[in-house]
Amino acid sequence: MADLYRLVFVDSWAWWVGGVIIGALVPLMYYFTNTALGVSTGYGSIVKKIVPGSKLRWLNTKAVTTRPDWRLYFIVGMIGGAFVSARLSGMPWVTQSMGIFTSSVNWGFATLAFWFLCGGFLLGIGARIAGGCTSGHSIHGLSNLHMSSVVATAFFLFCGYLSTRFITLVFFK
Amino acid sequence: MNKMIRYLLIGLIFGFTLSRVGASDFDLLHLMFRGVNLKIAWVIVTAIVTSFIGMRVLAMAGNRTYDGEKVKVSKKKLSWRNNVIGGVLFGIGWGMTGACPGTVLAQVGEGKLLGIISMSGMLLGTYVYAWLVERNEWMEG
(Lines give C-alpha, C1' and ligand atoms only; values in the text may rest on other atoms or scores of the structure.)
Protein backbone atom coordinates (compact mmCIF):
# COMPACT_ATOMS: atom_id res chain seq x y z
CA MET A 1 0.00 0.00 0.00
CA ALA A 2 2.76 2.39 0.96
CA ASP A 3 4.52 1.62 -2.31
CA LEU A 4 1.38 2.32 -4.32
CA TYR A 5 0.86 5.63 -2.50
CA ARG A 6 4.45 6.62 -3.29
CA LEU A 7 4.05 5.68 -6.94
CA VAL A 8 0.88 7.73 -7.44
CA PHE A 9 1.19 10.65 -5.06
CA VAL A 10 4.88 11.20 -4.28
CA ASP A 11 7.13 10.13 -7.15
CA SER A 12 7.06 12.18 -10.35
CA TRP A 13 4.95 10.41 -12.99
CA ALA A 14 6.49 8.93 -16.13
CA TRP A 15 6.16 11.22 -19.18
CA TRP A 16 3.71 8.92 -20.96
CA VAL A 17 1.32 8.74 -17.99
CA GLY A 18 1.02 12.54 -17.85
CA GLY A 19 0.92 12.86 -21.63
CA VAL A 20 -1.89 10.31 -22.08
CA ILE A 21 -4.06 11.87 -19.34
CA ILE A 22 -3.56 15.45 -20.56
CA GLY A 23 -4.18 14.42 -24.18
CA ALA A 24 -7.32 12.47 -23.25
CA LEU A 25 -8.74 15.62 -21.63
CA VAL A 26 -9.26 17.21 -25.07
CA PRO A 27 -11.82 14.64 -26.39
CA LEU A 28 -13.22 14.16 -22.87
CA MET A 29 -13.83 17.90 -22.54
CA TYR A 30 -15.63 17.89 -25.89
CA TYR A 31 -17.64 14.85 -24.84
CA PHE A 32 -18.74 16.22 -21.49
CA THR A 33 -18.94 19.96 -22.18
CA ASN A 34 -18.60 20.49 -25.97
CA THR A 35 -15.81 22.96 -25.24
CA ALA A 36 -12.27 23.30 -26.61
CA LEU A 37 -9.55 22.77 -24.00
CA GLY A 38 -7.84 26.10 -23.31
CA VAL A 39 -6.58 28.07 -20.35
CA SER A 40 -5.36 31.53 -21.35
CA THR A 41 -8.73 33.17 -22.12
CA GLY A 42 -9.65 32.37 -18.51
CA TYR A 43 -7.26 35.11 -17.41
CA GLY A 44 -9.63 37.49 -19.19
CA SER A 45 -12.44 36.07 -17.05
CA ILE A 46 -10.45 36.92 -13.91
CA VAL A 47 -9.63 40.43 -15.21
CA LYS A 48 -13.35 40.87 -15.85
CA LYS A 49 -13.99 39.95 -12.18
CA ILE A 50 -11.39 42.51 -11.03
CA VAL A 51 -12.66 45.39 -13.22
CA PRO A 52 -16.31 44.45 -13.90
CA GLY A 53 -17.22 47.98 -14.96
CA SER A 54 -14.51 48.37 -17.60
CA LYS A 55 -15.84 49.75 -20.87
CA LEU A 56 -13.01 48.20 -22.91
CA ARG A 57 -14.62 46.36 -25.79
CA TRP A 58 -12.63 43.11 -25.42
CA LEU A 59 -13.68 42.86 -21.77
CA ASN A 60 -17.29 42.91 -22.96
CA THR A 61 -17.01 40.26 -25.67
CA LYS A 62 -18.70 36.87 -25.42
CA ALA A 63 -15.48 35.09 -24.36
CA VAL A 64 -15.41 36.81 -20.97
CA THR A 65 -19.08 37.64 -20.39
CA THR A 66 -20.54 34.08 -20.62
CA ARG A 67 -22.61 33.38 -17.51
CA PRO A 68 -22.02 31.23 -15.65
CA ASP A 69 -18.39 31.59 -16.65
CA TRP A 70 -17.08 28.04 -16.98
CA ARG A 71 -13.50 29.32 -17.28
CA LEU A 72 -13.52 30.42 -13.65
CA TYR A 73 -14.63 26.94 -12.51
CA PHE A 74 -11.97 25.40 -14.74
CA ILE A 75 -9.25 27.65 -13.29
CA VAL A 76 -10.31 27.01 -9.70
CA GLY A 77 -10.20 23.29 -10.53
CA MET A 78 -6.67 23.53 -11.94
CA ILE A 79 -5.33 25.41 -8.93
CA GLY A 80 -7.15 22.97 -6.63
CA GLY A 81 -5.79 19.91 -8.46
CA ALA A 82 -2.20 21.14 -8.13
CA PHE A 83 -2.86 22.02 -4.49
CA VAL A 84 -4.01 18.46 -3.77
CA SER A 85 -0.97 17.07 -5.62
CA ALA A 86 1.41 19.26 -3.60
CA ARG A 87 -0.21 18.38 -0.26
CA LEU A 88 -0.18 14.61 -0.90
CA SER A 89 3.41 14.60 -2.14
CA GLY A 90 4.65 16.57 0.85
CA MET A 91 5.79 19.77 -0.88
CA PRO A 92 6.19 22.80 1.39
CA TRP A 93 2.96 24.83 1.73
CA VAL A 94 4.64 28.01 0.52
CA THR A 95 8.03 28.53 -1.09
CA GLN A 96 9.97 31.45 -2.54
CA SER A 97 12.14 29.06 -4.53
CA MET A 98 11.85 28.54 -8.29
CA GLY A 99 14.32 25.71 -8.81
CA ILE A 100 17.62 26.39 -10.57
CA PHE A 101 16.55 29.93 -11.40
CA THR A 102 16.46 31.16 -7.81
CA SER A 103 19.51 29.09 -6.84
CA SER A 104 21.58 30.41 -9.77
CA VAL A 105 20.88 34.14 -9.67
CA ASN A 106 21.85 36.20 -6.68
CA TRP A 107 18.77 38.42 -6.63
CA GLY A 108 16.61 39.68 -3.80
CA PHE A 109 12.92 38.84 -3.79
CA ALA A 110 11.90 42.23 -5.26
CA THR A 111 14.14 41.73 -8.32
CA LEU A 112 12.91 38.16 -8.73
CA ALA A 113 9.31 39.34 -8.47
CA PHE A 114 9.92 41.99 -11.13
CA TRP A 115 11.43 39.37 -13.47
CA PHE A 116 8.51 36.97 -13.08
CA LEU A 117 5.99 39.80 -13.37
CA CYS A 118 7.54 40.81 -16.71
CA GLY A 119 7.64 37.18 -17.89
CA GLY A 120 4.01 36.72 -16.93
CA PHE A 121 3.12 39.96 -18.70
CA LEU A 122 4.64 38.64 -21.95
CA LEU A 123 2.81 35.31 -21.53
CA GLY A 124 -0.50 37.11 -21.03
CA ILE A 125 -0.25 39.55 -23.90
CA GLY A 126 1.42 37.01 -26.22
CA ALA A 127 -1.22 34.34 -25.65
CA ARG A 128 -4.00 36.83 -26.46
CA ILE A 129 -2.38 38.12 -29.65
CA ALA A 130 -1.56 34.55 -30.78
CA GLY A 131 -5.09 33.43 -29.88
CA GLY A 132 -4.10 30.71 -27.44
CA CYS A 133 -1.40 29.12 -25.32
CA THR A 134 0.26 25.74 -24.89
CA SER A 135 -3.02 23.98 -24.16
CA GLY A 136 -5.26 25.73 -26.69
CA HIS A 137 -2.75 25.87 -29.55
CA SER A 138 -0.06 23.28 -28.90
CA ILE A 139 -2.27 20.47 -27.59
CA HIS A 140 -5.84 21.17 -28.74
CA GLY A 141 -4.90 22.94 -31.98
CA LEU A 142 -2.06 20.68 -33.13
CA SER A 143 -4.00 17.47 -32.46
CA ASN A 144 -6.83 18.88 -34.60
CA LEU A 145 -4.29 19.83 -37.31
CA HIS A 146 -4.94 23.58 -37.26
CA MET A 147 -2.37 25.61 -39.23
CA SER A 148 -2.54 28.64 -36.93
CA SER A 149 -1.51 26.37 -34.04
CA VAL A 150 1.45 25.04 -36.02
CA VAL A 151 2.75 28.59 -36.59
CA ALA A 152 2.07 29.74 -33.03
CA THR A 153 3.66 26.64 -31.49
CA ALA A 154 6.76 26.95 -33.70
CA PHE A 155 7.32 30.47 -32.38
CA PHE A 156 6.47 29.53 -28.77
CA LEU A 157 9.22 26.89 -28.90
CA PHE A 158 11.77 28.89 -30.88
CA CYS A 159 11.56 31.94 -28.61
CA GLY A 160 11.32 29.78 -25.49
CA TYR A 161 14.59 28.23 -26.62
CA LEU A 162 16.19 31.63 -27.31
CA SER A 163 15.18 33.16 -23.99
CA THR A 164 16.32 30.08 -22.05
CA ARG A 165 19.64 30.23 -23.89
CA PHE A 166 19.97 33.94 -23.08
CA ILE A 167 19.15 33.35 -19.40
CA THR A 168 21.65 30.50 -19.18
CA LEU A 169 24.44 32.53 -20.80
CA VAL A 170 23.89 35.80 -18.96
CA PHE A 171 22.59 34.87 -15.50
CA PHE A 172 23.69 31.30 -14.79
CA LYS A 173 27.38 31.06 -14.05
CA MET B 1 -24.61 16.62 -13.28
CA ASN B 2 -24.31 20.38 -13.28
CA LYS B 3 -22.14 21.44 -16.21
CA MET B 4 -20.02 23.77 -14.09
CA ILE B 5 -19.11 20.80 -11.84
CA ARG B 6 -17.82 19.03 -14.96
CA TYR B 7 -15.56 21.98 -15.80
CA LEU B 8 -14.34 22.00 -12.21
CA LEU B 9 -13.55 18.26 -12.31
CA ILE B 10 -11.75 18.46 -15.67
CA GLY B 11 -9.72 21.37 -14.27
CA LEU B 12 -8.91 19.32 -11.17
CA ILE B 13 -7.59 16.41 -13.25
CA PHE B 14 -5.61 18.79 -15.48
CA GLY B 15 -3.99 20.67 -12.59
CA PHE B 16 -3.27 17.49 -10.64
CA THR B 17 -1.66 15.82 -13.68
CA LEU B 18 0.46 18.87 -14.61
CA SER B 19 1.79 18.91 -11.08
CA ARG B 20 2.32 15.12 -10.79
CA VAL B 21 4.23 14.82 -14.07
CA GLY B 22 6.46 17.79 -13.21
CA ALA B 23 5.22 20.19 -15.91
CA SER B 24 5.02 22.96 -13.31
CA ASP B 25 8.66 22.41 -12.34
CA PHE B 26 10.88 25.28 -13.52
CA ASP B 27 13.92 23.00 -13.84
CA LEU B 28 12.27 20.44 -16.15
CA LEU B 29 11.06 23.15 -18.54
CA HIS B 30 14.41 24.90 -18.49
CA LEU B 31 16.26 21.63 -19.12
CA MET B 32 13.91 20.83 -22.01
CA PHE B 33 14.81 24.08 -23.77
CA ARG B 34 18.49 23.39 -23.11
CA GLY B 35 18.08 19.93 -24.62
CA VAL B 36 19.36 18.28 -21.42
CA ASN B 37 16.15 16.53 -20.31
CA LEU B 38 13.32 16.14 -22.80
CA LYS B 39 10.69 14.78 -20.38
CA ILE B 40 8.29 17.71 -20.83
CA ALA B 41 8.68 17.60 -24.62
CA TRP B 42 7.65 13.93 -24.49
CA VAL B 43 4.69 14.78 -22.28
CA ILE B 44 3.52 17.34 -24.86
CA VAL B 45 4.08 14.98 -27.83
CA THR B 46 2.24 12.13 -26.07
CA ALA B 47 -0.62 14.50 -25.23
CA ILE B 48 -0.93 15.61 -28.87
CA VAL B 49 -0.95 12.00 -30.16
CA THR B 50 -3.45 10.87 -27.51
CA SER B 51 -5.72 13.82 -28.23
CA PHE B 52 -5.51 13.17 -31.98
CA ILE B 53 -6.54 9.52 -31.50
CA GLY B 54 -9.23 10.47 -28.98
CA MET B 55 -10.76 13.02 -31.34
CA ARG B 56 -10.85 10.37 -34.11
CA VAL B 57 -12.55 7.90 -31.77
CA LEU B 58 -15.08 10.57 -30.80
CA ALA B 59 -15.76 11.26 -34.49
CA MET B 60 -16.14 7.57 -35.31
CA ALA B 61 -18.55 7.17 -32.41
CA GLY B 62 -20.84 9.70 -34.11
CA ASN B 63 -19.40 13.01 -32.84
CA ARG B 64 -22.08 13.32 -30.17
CA THR B 65 -21.55 14.67 -26.68
CA TYR B 66 -22.78 13.11 -23.46
CA ASP B 67 -25.81 15.41 -23.69
CA GLY B 68 -26.50 14.36 -27.29
CA GLU B 69 -25.33 17.59 -28.95
CA LYS B 70 -23.20 17.58 -32.07
CA VAL B 71 -19.50 18.12 -31.23
CA LYS B 72 -18.36 21.54 -32.44
CA VAL B 73 -14.58 21.69 -32.79
CA SER B 74 -13.49 25.29 -32.34
CA LYS B 75 -10.94 26.44 -34.90
CA LYS B 76 -8.83 29.58 -35.07
CA LYS B 77 -8.02 31.13 -38.42
CA LEU B 78 -4.36 31.31 -39.42
CA SER B 79 -3.01 34.84 -39.14
CA TRP B 80 0.74 35.04 -39.66
CA ARG B 81 0.94 38.45 -38.03
CA ASN B 82 -0.91 37.35 -34.89
CA ASN B 83 0.58 33.89 -34.56
CA VAL B 84 4.15 35.11 -35.11
CA ILE B 85 4.08 38.26 -32.95
CA GLY B 86 2.02 36.61 -30.21
CA GLY B 87 4.16 33.48 -30.46
CA VAL B 88 7.39 35.47 -30.02
CA LEU B 89 6.13 37.38 -26.96
CA PHE B 90 4.71 34.20 -25.45
CA GLY B 91 7.90 32.23 -26.10
CA ILE B 92 10.07 34.82 -24.33
CA GLY B 93 7.70 34.78 -21.35
CA TRP B 94 7.72 30.97 -21.37
CA GLY B 95 11.49 30.90 -21.00
CA MET B 96 11.53 33.70 -18.40
CA THR B 97 8.94 32.21 -16.05
CA GLY B 98 9.51 28.54 -16.83
CA ALA B 99 5.76 28.23 -17.13
CA CYS B 100 2.83 28.62 -19.49
CA PRO B 101 -0.68 29.83 -18.57
CA GLY B 102 -1.74 26.34 -17.46
CA THR B 103 1.33 25.47 -15.43
CA VAL B 104 1.31 28.95 -13.82
CA LEU B 105 -2.00 27.93 -12.23
CA ALA B 106 -0.43 24.64 -11.11
CA GLN B 107 2.46 26.59 -9.54
CA VAL B 108 -0.04 28.78 -7.70
CA GLY B 109 -1.78 25.65 -6.34
CA GLU B 110 1.58 24.24 -5.26
CA GLY B 111 2.26 27.36 -3.19
CA LYS B 112 5.07 28.82 -5.30
CA LEU B 113 5.16 32.53 -4.51
CA LEU B 114 6.88 33.45 -7.78
CA GLY B 115 4.15 31.53 -9.61
CA ILE B 116 1.62 33.87 -8.02
CA ILE B 117 3.73 36.79 -9.32
CA SER B 118 3.77 35.25 -12.83
CA MET B 119 -0.01 34.90 -12.62
CA SER B 120 -0.32 38.59 -11.64
CA GLY B 121 1.87 39.47 -14.63
CA MET B 122 -0.43 37.44 -16.87
CA LEU B 123 -3.50 39.27 -15.59
CA LEU B 124 -1.73 42.58 -16.21
CA GLY B 125 -0.72 41.46 -19.72
CA THR B 126 -4.29 40.40 -20.48
CA TYR B 127 -5.63 43.76 -19.29
CA VAL B 128 -3.07 45.70 -21.34
CA TYR B 129 -4.07 43.54 -24.32
CA ALA B 130 -7.71 44.54 -23.85
CA TRP B 131 -6.58 48.15 -23.82
CA LEU B 132 -4.30 47.82 -26.89
CA VAL B 133 -6.81 45.89 -28.98
CA GLU B 134 -9.16 48.86 -28.68
CA ARG B 135 -6.84 50.82 -30.99
CA ASN B 136 -5.18 47.95 -32.89
CA GLU B 137 -7.85 45.69 -34.28
CA TRP B 138 -5.37 43.34 -35.99
CA MET B 139 -4.44 42.04 -32.53
CA GLU B 140 -7.73 40.20 -32.30
CA GLY B 141 -7.03 36.92 -34.11
Side-chain angles (χ1 to χ4, degrees), chain A residues 12-13 15 18-23 26-27 30 32 34 36 39-40 43 47 56 58-59 70 73-74 77-79 81-83 85-86 94 96 98-100 113 116-117 119-126 128-131 133-135 139 142-143 147-148 151-152 155-156 159-161 163-164, chain B residues 4 6-8 11-12 15-17 19-22 26-27 33 39 42-43 46-48 50-52 54-55 58 65-66 71 74 76 78 83 86-97 100-102 105-106 108-111 113-114 117-118 121-122 125-127 129-130 133 139 141:
Chain A
S12 188
W13 286 357
W15 53 271
V20 166
I21 295 176
I22 294 167
V26 175
Y30 271 117
F32 284 109
N34 213 357
V39 178
S40 62
Y43 286 81
V47 170
L56 291 175
W58 189 78
L59 288 173
W70 65 268
Y73 289 85
F74 188 60
M78 286 189 70
I79 296 176
F83 176 80
S85 155
V94 177
Q96 289 196 13
M98 193 54 98
I100 43 181
F116 280 85
L117 192 76
F121 180 85
L122 291 173
L123 281 174
I125 202 164
R128 284 285 49 75
I129 293 175
C133 62
T134 330
S135 49
I139 295 175
L142 284 189
S143 63
M147 260 320 280
S148 68
V151 177
F155 281 87
F156 290 170
C159 291
Y161 165 76
S163 73
T164 301
Chain B
M4 292 305 131
R6 296 184 203 169
Y7 285 111
L8 188 77
L12 266 169
F16 184 78
T17 307
S19 171
R20 292 308 316 133
V21 79
F26 182 95
D27 295 4
F33 278 126
K39 181 178 183 186
W42 285 116
V43 171
T46 315
I48 295 168
T50 308
S51 164
F52 176 82
M55 290 304 287
L58 190 62
T65 70
Y66 176 78
V71 172
S74 110
K76 281 175 180 131
L78 171 68
N83 294 139
V88 167
L89 297 175
F90 184 95
I92 298 172
W94 202 7
M96 282 178 75
T97 58
C100 60
L105 297 174
V108 170
E110 290 169 348
L113 284 178
L114 290 169
I117 309 276
S118 301
M122 281 209 58
T126 307
Y127 181 77
Y129 167 82
V133 84
M139 285 188 181

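Residue numbering restarts at 1 for every chain, and letters A, B, ... go by the order of the sequence lines. Quick caveat: nothing in here was measured; it's all calculated off a predicted structure.
- Note: A:N34 leads A:N34, A:I22, A:V47 in heavy-atom pairs under 4.5 Å with chain B.
- Between chain B and the residues A:V39, A:V94, A:L59, A:I79, the most heavy-atom pairs under 4.5 angstrom are made by A:I79.
- One N or O on the side chain of B:T126 and one on the backbone of B:M122 form a donor-acceptor pair closer than 3.5 Å.
- Contacts of A:A82 with chain B are made by both backbone and side-chain atoms, with heavy-atom separations under 4.5 Å.
- Of the residues considered (A:V26, A:L142, A:L123, A:T164), A:L123 shows the highest number of contacts with chain B, using heavy-atom pairs under 4.5 Å.
- When the candidates A:A113, A:S85, A:G119, A:G99 are compared by the number of heavy-atom contacts under 4.5 Å with chain B, A:S85 comes out ahead.
- Note: A:Y43 leads A:Y43, A:Y73, A:F83 in heavy-atom pairs under 4.5 Å with chain B.
- Considering only heavy-atom pairs separated by less than 4.5 Å from chain A, the leading option among B:L114, B:T46, B:I92 is B:L114.
- Checked against a 6.0 Å centroid threshold, the rings of A:F32 and B:Y66 count as neighbours.
- Put simply, the side chain of A:S148 gets close to the backbone of B:K76: a donor and an acceptor are under 3.5 Å apart.
- Put simply, of A:W58, A:W13, A:F155, the one with the most heavy-atom pairs under 4.5 Å next to chain B is A:W13.
- Checked against the 6.0 Å centroid threshold, A:F156 and B:F90 count as a close aromatic pair.
- In this structure, chain B has heavy atoms under 4.5 Å from both the backbone and the side chain of A:S40.
- Of the two parts of B:L58, only the side chain, counted from C-beta on, holds a non-hydrogen atom closer than 4.5 Å to a non-hydrogen atom of chain A.
- Of all non-hydrogen atoms in B:I48 and A:S143, the two that sit nearest each other are O-CB, 3.4 Å.
- Under a 3.5 Å cut-off, the side chain of B:N83 and the backbone N or O of A:A130 do form a donor-acceptor pair.
- Atoms CE and CZ, from B:M96 and A:F116 in turn, are 8.5 Å apart once rounded to the nearest 0.5 Å.
- In terms of non-hydrogen atom pairs under 4.5 Å with chain A, the most contact-rich of B:G109, B:A130, B:G95 is B:G109.
- Atom CE in A:M78 sits 10.5 Å away from atom CG in B:L12 (nearest 0.5 Å).
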